[in-house]
Chemist: 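Sending over a structure as structure tokens; questions will come in a sec.
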Amino acid sequence: MADGQVKKVDSIKVQSENDLFGYDSYTYLTWDDFEAVLTMDELTGSVIVSYMMVLFNKMKYGPPERDHGICFVNPALISPSTRKGKSKNIDDASRGLADRLSIRKGNDIIFMPYNPIRHWLLGVLDMKSDTCYYLDSLSSGNFNMQLKQIIDLAKVMYATQSGSNKTVKLNWPGSTECGYYMLRFMKEIVEEGIEVLVKDNIGDGKVEYTTDDIDEIREEWLEFVTGFIYR
């Protein structure tokens, strides 16, 4: 049913009902986005953003113990962009991230999805402990230097804006599926809290996620976005 409806229009507007990124936000999904999820192909930023809406709603409307004080950053804010032929530079990305930190409403765990070039990874900044965790499905042991520079500079800018002299201590826990892994990372932290990172227990000790683990992400996304088709 969703298949037939999506193909009738150029795109579907998916609106966040809440203050997801610190401002009213929405994204547009096309048939290519649906097809990528159905075939488990490489995910676009629109799919990532709309699944972040799923997680945000889980915290908003779920049991109180699920609210772990998580704040979301739009991946377009910090990821490289080639809009109008101009790539987003580190200064622009850092300034945007610093502004996001400034307007957050007391949430101290910051989700920062990042896509350098055709690969999704996740930075998780814990403002209370000044620690940044780096989650990468490739598990290469090497963190992305541009993302590190963005976070370092953003923290300096934020400290200046807030009148604080704190600095961040970056703690790095030593393919097309990367987007699904990143969404699964976020889902587990939303459900379990920052402790799964502190205890290095993302994935509950699994070396890799199973097909069922990934299918759960796909099903949740499809259930959420198809609700916008029949409005």
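The first residue in the sequence is number 1, and the count goes up from there. Hydrogens, waters and symmetry mates are skipped; everything else that's a heavy atom, side chains included, is used.
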Chemist: Give the intermediate values and the outcome of side chain to side chain contact (heavy atoms under 4.5 Å, CB included) for residues Y114 and Q146.
Modeler: CA-CA 10 Å; Y114 183 74; Q146 182 164 323; 3.3 Å; yes

Chemist: Is the shortest heavy-atom distance from the side chain of F21 to the side chain of V73 under 4.5 Å?
Modeler: no

Chemist: Can you tell me how far apart CD1 (I214) and CE (M40) are? Round to the nearest 0.5 Å.
Modeler: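 I214 CD1 to M40 CE: 5.5 Å, rounded to 0.5 Å.
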
Chemist: Tell me, please, which residues at least two apart from D19 pass salt bridge (Lys or Arg N to Asp or Glu O under 4.0 Å).
Modeler: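 Per chain and number, D19 pairs via salt bridge (Lys or Arg N to Asp or Glu O under 4.0 Å) with K105.
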
Chemist: For E220, check side-chain hydrogen bond (donor to acceptor under 3.5 Å, both in side chains) against everything at least two apart and list the hits.
Modeler: Y51, K58, K187

Chemist: Would you say V54 and Y26 are hydrophobically clustered, going by side-chain heavy atoms of ILVMFWY under 4.5 Å?
Modeler: no

Chemist: Looking only at heavy atoms, what is the nearest atom pair of L77 and G96, with distance?
Modeler: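 Nearest heavy atoms, L77 then G96: CD2-O, 3.4 Å.
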
Chemist: Is the side chain of W120 donor-acceptor paired with the backbone N or O of L183 at a distance under 3.5 Å, no angle test?
Modeler: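 Side chain of W120 to backbone of L183, a donor-acceptor pair under 3.5 Å: no, none is there.
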
Chemist: Quick one, I78 and L147 - any side-chain contact, counting heavy atoms below 4.5 Å?
Modeler: yes

Chemist: Is there a side-chain contact between D41 and E35 (heavy atoms, below 4.5 Å)?
Modeler: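 No, every pair of side-chain atoms sits at 4.5 Å or beyond.
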
Chemist: Whether the side chain of S79 engages the backbone of A76 through a donor-acceptor N/O pair (distance < 3.5 Å, no angle test) should be reported.
Modeler: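 No, S79 side chain to A76 backbone: no donor-acceptor pair under 3.5 Å.
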
Chemist: Tell me if a side-chain donor or acceptor on S46 pairs with a main-chain N or O of Y28 at a distance below 3.5 Å.
Modeler: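 Looks like yes, one N/O pair under 3.5 Å.
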
Chemist: Mind listing the closest non-hydrogen atom pair of I70 and N107 along with its distance?
Modeler: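 So the two residues come closest at O-ND2, 3.5 Å.
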
Chemist: Yes or no on side chain to side chain contact (heavy atoms under 4.5 Å, CB included) for K13 and L29, after CA distance, side-chain angles and deciding distance?
Modeler: CA-CA 7 Å; K13 183 178 180 180; L29 296 168; over 6 Å; no

Chemist: ring-ring contact (aromatic ring centres under 6.0 Å, His included), that's the test. Do F34 and W221 meet it? Break it down for me.
Modeler: CA-CA 10 Å; F34 277 83; W221 181 85; 5.1 Å; yes

Chemist: I'd like to check I109 versus F111 (side-chain heavy atoms, cut-off strictly below 4.5 Å). Are they in contact?
Modeler: yes

Chemist: Determine yes or no for a side-chain-to-main-chain donor-acceptor pair under 3.5 angstrom, with R184 supplying the side chain and I217 the backbone.
Modeler: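 Answer holds: no.
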
Chemist: Under 3.5 Å, is there a donor on one side chain and an acceptor on the other for T44 and D33?
Modeler: yes

Chemist: Between M186 and L122, what is the shortest heavy-atom contact and its length?
Modeler: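 Closest approach of M186 to L122: CG-CD2, 3.5 Å.
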
Chemist: Measuring only between side-chain heavy atoms, which start at C-beta, is L121 closer than 4.5 Å to L135?
Modeler: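 The answer is no, as the side chains (C-beta and beyond) never meet within the 4.5 Å cut-off.
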
Chemist: Between S11 and T30, what is the shortest heavy-atom contact and its length?
Modeler: CB-CG2, 4.2 Å

Chemist: Does any part of the side chain of K148, heavy atoms only, come nearer than 4.5 Å to the side chain of C132, both counted from C-beta?
Modeler: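 Sidechains of K148 and C132: no contact.
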
Chemist: Just by distance, do the side chain of S102 and the backbone of R100 share a donor-acceptor pair under 3.5 Å?
Modeler: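 Not at all, since once roles are kept as given, no pair shorter than 3.5 Å links the two residues.
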
Chemist: Between atom OH of Y61 and atom CZ of F56, what is the distance when rounded to the nearest 0.5 Å?
Modeler: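 Going from the OH atom of Y61 to the CZ atom of F56 covers 8.5 Å.
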
Chemist: Assigning hydrophobic clusters by single linkage (Ile, Leu, Val, Met, Phe, Trp, Tyr; side-chain heavy-atom cutoff under 4.5 Å), is L222 placed with I12?
Modeler: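 Shared cluster, yes.
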
Chemist: Starting from V156, can I reach I103 by hopping between I/L/V/M/F/W/Y residues whose side chains sit under 4.5 Å apart?
Modeler: no

Chemist: Check whether any side-chain heavy atom of N57 lies under 4.5 Å from a side-chain heavy atom of F224, and answer yes or no.
Modeler: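 SC-SC contact between N57 and F224 confirmed.
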
Chemist: What are the two closest non-hydrogen atoms of M52 and L20, and how far apart are they?
Modeler: O-CD1, 3.9 Å

Chemist: Please enumerate all residues that pass salt bridge (Lys or Arg N to Asp or Glu O under 4.0 Å) together with D108, with sequence neighbours excluded.
Modeler: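 Residues passing salt bridge (Lys or Arg N to Asp or Glu O under 4.0 Å) with D108: R104.
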
Chemist: Starting from the C-alpha separation in whole Å, work towards a yes-or-no answer on side chain to side chain contact (heavy atoms under 4.5 Å, CB included) for I110 and V124.
Modeler: CA-CA 5 Å; I110 319 299; V124 181; over 6 Å; no

Chemist: More than 12 heavy atoms of other residues, nucleotides or ligands under 6.0 Å from CG of D215: yes or no?
Modeler: yes

Chemist: Within a strict 4.5 Å, meaning less than it, do heavy atoms of the Y180 and D213 side chains meet?
Modeler: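 When only atoms from C-beta onward are counted, D213 and Y180 do not touch, as no gap falls below 4.5 Å.
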
Chemist: Minimum heavy-atom separation for I194 to I189, with atom names?
Modeler: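 Heavy atoms of I194 and I189 come nearest at N-CG2, 4.4 Å.
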
Chemist: Among all residues two or more places apart in sequence or in another chain, which pass the salt bridge (Lys or Arg N to Asp or Glu O under 4.0 Å) test with D99?
Modeler: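 Residues passing salt bridge (Lys or Arg N to Asp or Glu O under 4.0 Å) with D99: none at all.
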
Chemist: Got a sec, which residues hit side-chain contact (heavy atoms from CB on, under 4.5 Å) with S94, two or more places apart in sequence or on another chain?
Modeler: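 I90, I150, L153, A154, M157.
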
Chemist: Let me check something: do Y23 and L55 share a hydrophobic cluster, defined by ILVMFWY side-chain heavy atoms less than 4.5 Å apart, either directly or through other members?
Modeler: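 Yes.
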
Chemist: Scan side-chain atoms only and decide if D136 and H119 contain a donor-acceptor pair under the 3.5 Å cut-off.
Modeler: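 Note: D136 and H119 side chains meet the donor-acceptor criterion.
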
Chemist: By salt bridge (Lys or Arg N to Asp or Glu O under 4.0 Å), which residues pair with R95, not counting sequence neighbours?
Modeler: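 Residues passing salt bridge (Lys or Arg N to Asp or Glu O under 4.0 Å) with R95: D92.
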
Chemist: Should L97 and M145 be counted in the same cluster of Ile, Leu, Val, Met, Phe, Trp and Tyr side chains packed under 4.5 Å apart?
Modeler: yes

Chemist: Consider only side-chain N and O atoms of S50 and T27, and report whether a donor and an acceptor are under 3.5 Å apart.
Modeler: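 No, no side-chain donor-acceptor pair sits under 3.5 Å.
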
